[in-house]
Amino acid sequence: MTAEQTSAPATSSRRTLGVMLLLTVLSAVLVLTAAGRPWAEGRVGTLDVSVTGGKISELPGGLALVGLAAAVAVFAVRGVGRLAVGALTLLAGLGAAVAAAAGAGDTAALDTEAARKLALSGSTATEVSHTGWPWVALVGGVLLALAGLLTLRYGRGWPAMGSRYEAPTRKAPAKSDTPGDLWKALDRGEDPTAV
């Protein structure tokens with residue numbers, strides 16, 4: 001095998017890792033931005049009322065954060081752990097997309113906001129309209145699901161954190177006969193009193 005042939009899989013592996021990270025960050029930005037914007041607007045009496053995606057459902061935003069955490073976890077795990085992270089990312093993306101689609105036509109949160117503004121229970125909003133922000137969150141959820149699929153398909157070949165990030169192993173100190181040997185053990189970073 002030539003050097004070109006061995007570097008091709010490594011380049012492809014890094015490229016798919018980069019695409020996964022880009023998809024994850026982009027999806028989180030889309031979902032979290034959309035969750036902070038008005039998804040439904042209406043009127044109650046002479047007052048305008050609106051509710052953000054986060055008030056309609058906290059699920060898309062929460063699942064986007066799960067996706068971001070999973071993108072970081074990809075570097076900390078290997079093998080089956082990486083497959084589990086990929087599956088979690090896929091499920092988080094699908095959940096965010098489904099929750100966004102379900103919230104696109106929701107009016108219960110708008111009615112709750114109308115009742116809060118008037119301080120009258122049972123108030124309902126009129127002239128209700130829905131914005132396009134839930135669909136932006138849905139697109140973000142789909143992108144997160146794609147990141148999960150990439151992790152499931154290519155994750156085994158991606159680089160992981162090196163051993164320098166793992167907990168150090170404890171070395172048994174050398175048997176010391178003299179006080180000078182104890183000082184030398186301390187200089188080497190060993191604990192001569194450890195059992």
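Along the sequence shown, the residues carry numbers beginning at 1.
- If you chain together hydrophobic residues whose side chains sit under 4.5 Å apart, Leu94 and Leu138 never meet in one group.
- Both Trp133 and Val139 sit in one connected hydrophobic cluster of ILVMFWY residues. Membership requires side-chain heavy atoms under 4.5 Å apart, directly or through other members.
- For residues 54-70, the pairs satisfying salt bridge (Lys or Arg N to Asp or Glu O under 4.0 Å) are Lys55-Glu113, with sequence neighbours left out.
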Quick one: side chains of residues 95-110, donor-acceptor pairs under 3.5 Å with protein atoms, not counting sequence neighbours, listed by atom name and distance.
from   : atom 1 : to     : atom 2 : distance (Å)
Asp106 : OD1    : Ala108 : N      : 3.2
Asp106 : OD1    : Ala109 : N      : 3.2

Can you list, pair by pair, the side-chain donor-acceptor contacts under 3.5 Å of residues 26-37, counting residues two or more places apart and other chains?
from  : atom 1 : to    : atom 2 : distance (Å)
Ser27 : OG     : Leu23 : O      : 3.1
Ser27 : OG     : Thr24 : O      : 2.8
Thr33 : OG1    : Val29 : O      : 2.7

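- Trp39 approaches Pro60 most closely through the heavy-atom pair CH2-CG, 4.4 Å.
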Show every donor-acceptor pair shorter than 3.5 Å between a side-chain atom in residues 40-47 and any protein atom, with sequence neighbours excluded, or say none if there are none.
from  : atom 1 : to    : atom 2 : distance (Å)
Arg43 : NH1    : Asp48 : OD1    : 2.4
Arg43 : NH2    : Thr46 : O      : 3.1

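- Considering CG of Leu68 and CG of Leu63, their distance stands at 11.5 Å, rounded to 0.5 Å.
- Across Thr16, Leu22, Leu17, a single residue satisfies side-chain contact (heavy atoms from CB on, under 4.5 Å) together with Met20, and that is Leu17.
- In the hydrophobic clustering, Trp183 connects to Leu186, either directly or through intervening members, whenever side-chain heavy atoms lie under 4.5 Å apart.
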With a 3.5 Å cut-off and sequence neighbours excluded, list the donor-acceptor pairs that the side chains of residues 140-156 form with protein atoms.
from   : atom 1 : to     : atom 2 : distance (Å)
Thr151 : OG1    : Ala147 : O      : 2.9

